[in-house]
Amino acid sequence: MKFFIDTANLEQIKEAQALGILDGVTTNPSLMAKEGITGEANIINHYKAICKLVDGDVSAEVIATDFDGMVKQGEELAALNPQIVVKLPLIKDGIKACKYFSDKGIKTNMTLVFSVGQALLAAKAGATYVSPFIGRLDDISTDGLNLIAEIRQVYNNYGYQTEILAASVRHTMHIIDCAKLGADVMTGPLKAIEGLLNHPLTDIGLAKFLADFKKGN
Ligand code: G3P
């Protein structure tokens, strides 16, 4: 399972990269705004800075909602660095743009996915990644994890190569459940990733090992 961090915060990206388990970064306009990164030039510079910090894929989202605009913005983003994955909303023109970029060998991430039908279209358009938002489904009393399971089944039925990128991951248990269901990638906050480290028996066991070592010295 690939681990992406879902943030535009450079310190958190550095911290996740230093752990040695990071495979990439996802961002969106809201995450950029949260870090105070606004305006096209600043956003572009921020993508460049993120690419310098990590080795893997970095999703950069288009703002345009029409085909021509998405193609223009996506091409500009893709030209920044080979690590850039063009992130497109799953709307009609987004699917058309996805097919355009897939045919050109440019990686894509279809975002704002909330149904199996949308995921099927993304796969048919040759998307590199499809991003079902599990937390936002949970927010409206709908089982987000069930969507991961359904997309996995459909993709397996036909051997689609599009990777299921579980997004809107909110906590550690989401990561574990996504792994059990066979999501190819998860993107979540640093706190959710670090939660995987925690076990009280590890802490108790380590404290005892250290205490016993001291006794013998
Ligand atoms: O990966 C998608 C993500 O950025 C949305 O997460 O927590 O705003 O639903 P959230």
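Every number for a ligand or one of its atoms is a count from 1 in the order of the listing. Starting from 1, each residue takes its place in the sequence as its number. The model shown is predicted, which means the values in this text are computed figures rather than measured ones.
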- Side-chain donor-acceptor contact under 3.5 Å, D57 with Y129: yes

- Item | Atom CD of E194 with >12 non-hydrogen neighbours under 6.0 angstrom | yes

- Task: Just need the protein heavy atom nearest to atom 1 (O) of ligand 1, so name the residue and atom and give the distance.
- Result: D6 OD2, 2.9 Å

- Item | Lys/Arg-Asp/Glu bridge criterion (N-O < 4.0 Å) met for D212, K208 | yes

- Note on the structure: atom 7 (O) of ligand 1 sits nearest the protein heavy atom R170 NE, 2.8 Å

- Any nitrogen or oxygen of K87, main chain or side chain, under 3.5 Å from a nitrogen or oxygen of ligand 1? no

- Query: Taking 4.0 angstrom as the limit, do R136 and D139 come out as a salt bridge?
  - Reply: no

- Task: May I ask you to identify the nearest protein heavy atom to atom 6 (O) of ligand 1, giving residue, atom name and distance to one decimal place in Å?
- Result: S168 CA, 3.5 Å

- Query: Do the charged groups of K72 and D66 touch, with an N to O distance under 4.0 Å?
  - Reply: no

- Message: Please tell me whether K124 and Y158 have a donor and an acceptor in their side chains that are separated by less than 3.5 angstrom.
- Response: no

- Interfacing atoms of ligand 1 (cut-off 4.0 Å, heavy-atom, F133): 2 (C), 5 (C)

- ligand 1 contact on N28 by region, counting heavy-atom pairs under 4.0 Å: side chain

- Query: Are E61 and N28 close enough that a side-chain donor and a side-chain acceptor fall under 3.5 Å?
  - Reply: no

- For A167, take its heavy atoms, then give the atoms of ligand 1 lying under 4.0 Å from any of them. 1 (O), 2 (C)

- At under 4.0 Å between heavy atoms, which part of T187 makes contact with ligand 1: side chain, backbone, both or neither? side chain

- Message: Just to confirm my output: which protein heavy-atom neighbour is closest to atom 5 (C) of ligand 1, and how far is it?
- Response: R136 NH2, 3.5 Å

